[in-house]
> 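Okay, handing you the structure first.
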Amino acid sequence: MDMEKLVALCKRRGFIFQSSEIYGGINGFWDYGPLGVELKKNIKDAWWQDMVRNPPPGPDGQEIQMVGVDCSIIMNPKVWVASGHAAGFQDPMVACTKEGCKKLFRADKVWLVTIWPRGTVTNRAEVENQRAKPTIAAAARSTTVAVQLDEGSVIAQAEGAVRAYGQKNNVIAFKNYTVDGGSESAFASQGIFFRARGREHVAEAERYDFDCVLEPLVGASYASGVKPCPICHTAAALTEPRAFNLMFESHAGAIQSEENKVYLRPETAQGIFVNFKNVLDSTRLKLPFGIAQIGKAFRNEINPRNYTFRSREFEQMEIEFFCHPDESMKWYEYWRDVRKAWYVKLGIKSDKLRPREQGREELAHYSIGTTDIEYLFPFSSEPQELEGVAHRGDYDLTQHMKHSGKDLTYFEEELWAKADKSIYGGDKKKEQEAKSKLPYRYVPHVIEPSAGADRFTLAVLCEAYCEDQAPDEKGVLQDRVVMKFHPRLAPIKAAILPLVNKEGMPEIAQKLYRELKQHWNVFYDDGGAIGRRYRRQDEIGTPWCFTIDGQTLVDQTVTLRDRDTLKQERLPIAEVAAEMRRRLQT
RNA sequence: GCGGGUGUAGCACAGUGGUAGUGCAGCGGCUUCCCAAGCCGCCUACGUGGGUUCGAUUCCCAUCACCCGCUCCA
């Protein structure tokens, strides 16, 4: 499918417009037109109905408890400190200044490996000494290479870098390394000293060991003369790290000062977390239960691309499902499966839908497990994320407890009521202690299915776009463009068409139109040839057309014309609404 | 943010240093008993801002937007 054709259709028929188009547009922002807003609203309504009001039964066949909230976009800035966004959104970037390379990197993903001749340094302290007062011989023979850590262990990356260095310097057979300074996690933040063994291909064929230091670029105690590019390996090519703040800022109050700086939320989830206690206290809900929210979120993407896929303003459909720690994996699997099934149910072909369990190394720091539900969009050869179902553990609630000082733990009243308290022998202190921890009191774990409303809308548009052939009035096959939306999502459910504009047909058609529009978004059209009107409806994905013709005047029946099959059948005009209802439910 | 490309009507395309056409779509009418038919009429554009020039849609510069690649997407 050709993305450009879809984009043209969306504009021509009023699904999606560029924001502020008459002023030349604005990068990363889009508007939904009359048909687009109906489509997106149907998607959000379907989600709310299927996830909040009527979610599928739980893992043990039980009813699922779900409620909704609608939180403000601007929140107390401390929320973003607690959530980690205030810091985490400041991804410092470094760029290579070398002409022809000019690559851009996240500074925290660039690490430096310094390789020294054997015996120059034997531990981290000596590394610092060498940097402070390098001996000529050591400085001449040491070298620093940069590596980009994307996946795998950092040690493995460093090993690769040393191996590459060895090859470049005709050192054969990198053999092994020994780590000095503890576990990987210990050095993940501060670097590590280690030794690598290899054989240098020199005239005397001397055996050779390297002393190596691996450390992050950010904070590395390096002279500016180092910092090579991880791609082109040009020395001293990287710029200083520059902050890219991905949160939109504004000010609450007319005066623009640091004190009243606020942020547009980069996700709707935090509104749910900070209202966890409110919901618990106001609803009589007991764990497990979920809180859902649909709303706008904002991210100052460095480079919006691919139509509406990566917009700076977008809408999320998020659930935070709170449960007992011991049951969290069960619920994680439940939501992962429920969410995937939902997309299939609404017409996304299974072969373009890819649930993908994230590897350990790409998980966010707080997540125990995440499944990305991805869709193979026409604009990319790689599937792109529609939704992430994340097991966030107790990270968020714990963070908000720390930063707000409020108790967000959950107490199992019923379990405590049923518990045998005789084991405490009437010791109130022991009882209190037992009540304060598992299994009675705990910080709930959270499963977060977070879906992009605009991304799914785009996927639905891509999935619906079809070019096929339909016969014209002479029976010759003509190209036809048809949007095969699931009827539940179709912006217009049915068109009501008088076959000709006379003999009382428009009157009958309008009466039917007035009846149907009480229930659905339907469309009345008496303009032009019938074939043209059918094709127009095909192009905007209207599943059914009801046509009032000569026979209607005789026996009160109309034709129902199907968008996908082009088949026509007659049914009594009095049964049209019931037939639509029946078809929408299946 | 970097490199490359593009920008004429709602869409797809012509064209020119002397201010622009075509097809489709849209609108109004006639005609039409089932799949973009026909006839008549109508509407709509040189992305924006500078510069050069007697005159710029055309040449130059900047800017904005879109597309491709890199990068990013917590």
Side-chain angles (χ1 to χ4, degrees), chain A residues 3-5 7-14 17-29 33 80 83-91 93-106 108-109 148 231 239 242 244-247 266-267 299-307 309-312 314 362-367 379-380 384-385 388 390 452 455 469-482 497-503 505 527-539 545 547-553 558-559 561-563 566-568:
Chain A
M3 205 61 199
E4 283 184 27
K5 286 185 182 174
V7 173
L9 186 149
C10 284
K11 182 176 184 187
R12 180 157 41 90
R13 291 305 191 187
F17 307 122
Q18 198 181 4
S19 172
S20 325
E21 190 184 328
I22 63 170
Y23 289 102
I26 177 168
N27 195 350
F29 299 90
W80 308 114
S83 68
H85 291 86
F89 250 121
Q90 312 240 358
D91 288 336
M93 310 291 290
V94 291
C96 177
T97 53
K98 168 89 172 167
E99 204 58 47
C101 178
K102 294 276 185 186
K103 296 287 189 294
L104 187 70
F105 311 93
R106 252 174 68 176
D108 62 329
K109 296 220 168 179
Q148 211 185 158
I231 300 291
T239 61
R242 288 174 291 184
F244 284 66
N245 192 340
L246 299 187
M247 275 200 291
E267 64 174 28
R299 294 181 195 180
N300 215 345
E301 299 286 355
I302 293 171
N303 190 358
R305 203 60 82 78
N306 289 330
Y307 204 25
F309 183 80
R310 180 164 298 132
S311 300
R312 288 178 167 146
F314 56 99
E362 63 179 319
L363 288 178
H365 56 286
Y366 49 76
S367 184
F379 54 71
S380 170
Q384 304 286 327
E385 182 181 345
R455 289 183 172 189
Q469 295 199 310
D472 66 12
E473 60 167 2
K474 298 185 186 76
V476 181
L477 285 176
Q478 302 287 341
D479 290 337
R480 178 177 81 133
V481 172
V482 51
L497 316 169
L499 186 59
V500 291
N501 237 340
K502 58 184 183 185
E503 294 169 28
M505 291 179 201
I530 191 68
R532 174 179 299 274
R533 284 181 275 166
Y534 284 152
R535 293 295 174 85
R536 274 199 287 245
Q537 295 305 318
D538 290 340
E539 206 176 39
C545 292
T547 305
I548 283 73
D549 59 12
Q551 202 177 328
T552 311
L553 307 174
V558 297
T559 62
R561 181 263 193 187
D562 184 89
R563 175 193 70 198
L566 303 178
K567 296 249 171 62
Q568 294 190 19

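Order of the sequence lines sets the chain letters (A, B, ...), proteins ahead of strands, with each chain counted from 1. Being a predicted model, the structure only gives us computed values, none of them experimental.
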> Rounded to the nearest Å, what distance is computed from the CZ atom of residue A/F309 to the P atom of nucleotide B/C67?
13 Å
> Could you tell me how far B/A14 sits from B/U52 if I compare only their C1' atoms? Round to whole Å.
28 Å
> Is there a donor N/O on one and an acceptor N/O on the other, under 3.5 Å, for the side chain of A/E503 and the base of B/C33?
yes
> Would you classify A/M3 as touching base, sugar-phosphate or nothing, given that sugar-phosphate means primed atoms plus P, OP1 and OP2, and contacts are heavy atoms under 4.0 Å?
nothing
> So which nucleotide does B/U58 pair with, by the Watson-Crick or G-U wobble rule with both distances under 3.5 Å?
none
> Let's test this: given Watson-Crick or G-U wobble pairing with both distances under 3.5 Å, identify the partner of B/A14.
none
> Using a cut-off of strictly less than 4.0 Å, decide whether A/R532 has a side-chain nitrogen or oxygen near OP1 or OP2 of B/G26.
yes
> Within the structure shown, what part of the strands sits under 4.0 Å from A/E4 by heavy-atom distance: base, sugar-phosphate, or nothing?
nothing
> Counting the atoms with a prime plus P, OP1 and OP2 as sugar-phosphate, which does A/L9 contact under 4.0 Å by heavy atoms, base, sugar-phosphate, or nothing?
nothing
> Tell me what A/Q18 touches on the nucleic acid: a base, only sugar-phosphate, or nothing, going by heavy atoms under 4.0 Å.
sugar-phosphate
> With a 3.5 Å limit on both atom pairs, tell me what B/C30 is paired to, counting Watson-Crick and G-U wobble, or say none.
B/G38
> Quiz question: going by heavy-atom distance under 3.5 Å, is there a donor-acceptor pair between the base of B/G69 and the side chain of A/R305?
yes
> Students often get this wrong, so: under 4.0 angstrom with heavy atoms, is A/D549 touching a base, only sugar-phosphate, or nothing?
base
> Are A/R561 and A/Y534 in a cation-pi setup, meaning NZ or CZ lies under 6.0 angstrom from the ring centre and within 45 degrees of the ring axis?
yes
> Would you kindly check whether a donor in the side chain of A/Y534 faces an acceptor in the base of B/C34, or vice versa, at under 3.5 angstrom?
yes
> Rounded to whole Å, how long is the line connecting atom CD1 of A/I26 with atom C1' of B/G47?
16 Å
> Roughly how many Å is it from CZ in A/R312 to C1' in B/G1, rounded to a whole number?
11 Å
> Can you check the A/D538 CG to B/C34 P distance for me, whole Å?
18 Å
> Could you say whether A/Q384 or A/R13 is positioned toward the 5' end of RNA chain B, judged by the nucleotide with the nearest heavy atom to each?
A/R13
> Atom CZ of A/R299 to atom P of B/C73: distance rounded to whole Å?
11 Å
> Identify whether any heavy atom of A/G28 sits under 4.0 Å from a base atom; if not, whether one sits that close to sugar-phosphate; answer base, sugar-phosphate or nothing.
sugar-phosphate
> Taking the C1' atom in each of B/U44 and B/G17, what is the distance between them to the nearest angstrom?
26 Å
> Check this for me: does the side-chain of A/R310 come within 3.5 Å of the base of B/C73 through a donor and an acceptor?
yes
> By nearest nucleotide on RNA chain B, pick out whichever of A/V500 and A/I22 is the more 5' one.
A/V500
> Taking the C1' atom of each, how far is B/G41 from B/U57, in whole Å?
29 Å
> Only pairs with both distances under 3.5 Å count, Watson-Crick or wobble alike; so what is the partner of B/U44 in this structure?
none
> Let's see if you can work this out: which of B/C35, B/C34, B/G10 has an atom nearest to the side-chain heavy atoms of A/R535?
B/C35
> Counting side-chain heavy atoms from C-beta on, which of B/C35, B/C66, B/C33 comes nearest to A/Q568?
B/C35
> Is the closest basic N to carboxylate O distance between A/E539 and A/R12 below 4.0 Å?
yes
> So does A/R561 reach the base of B/C35 with its side chain, donor to acceptor, closer than 3.5 Å?
yes
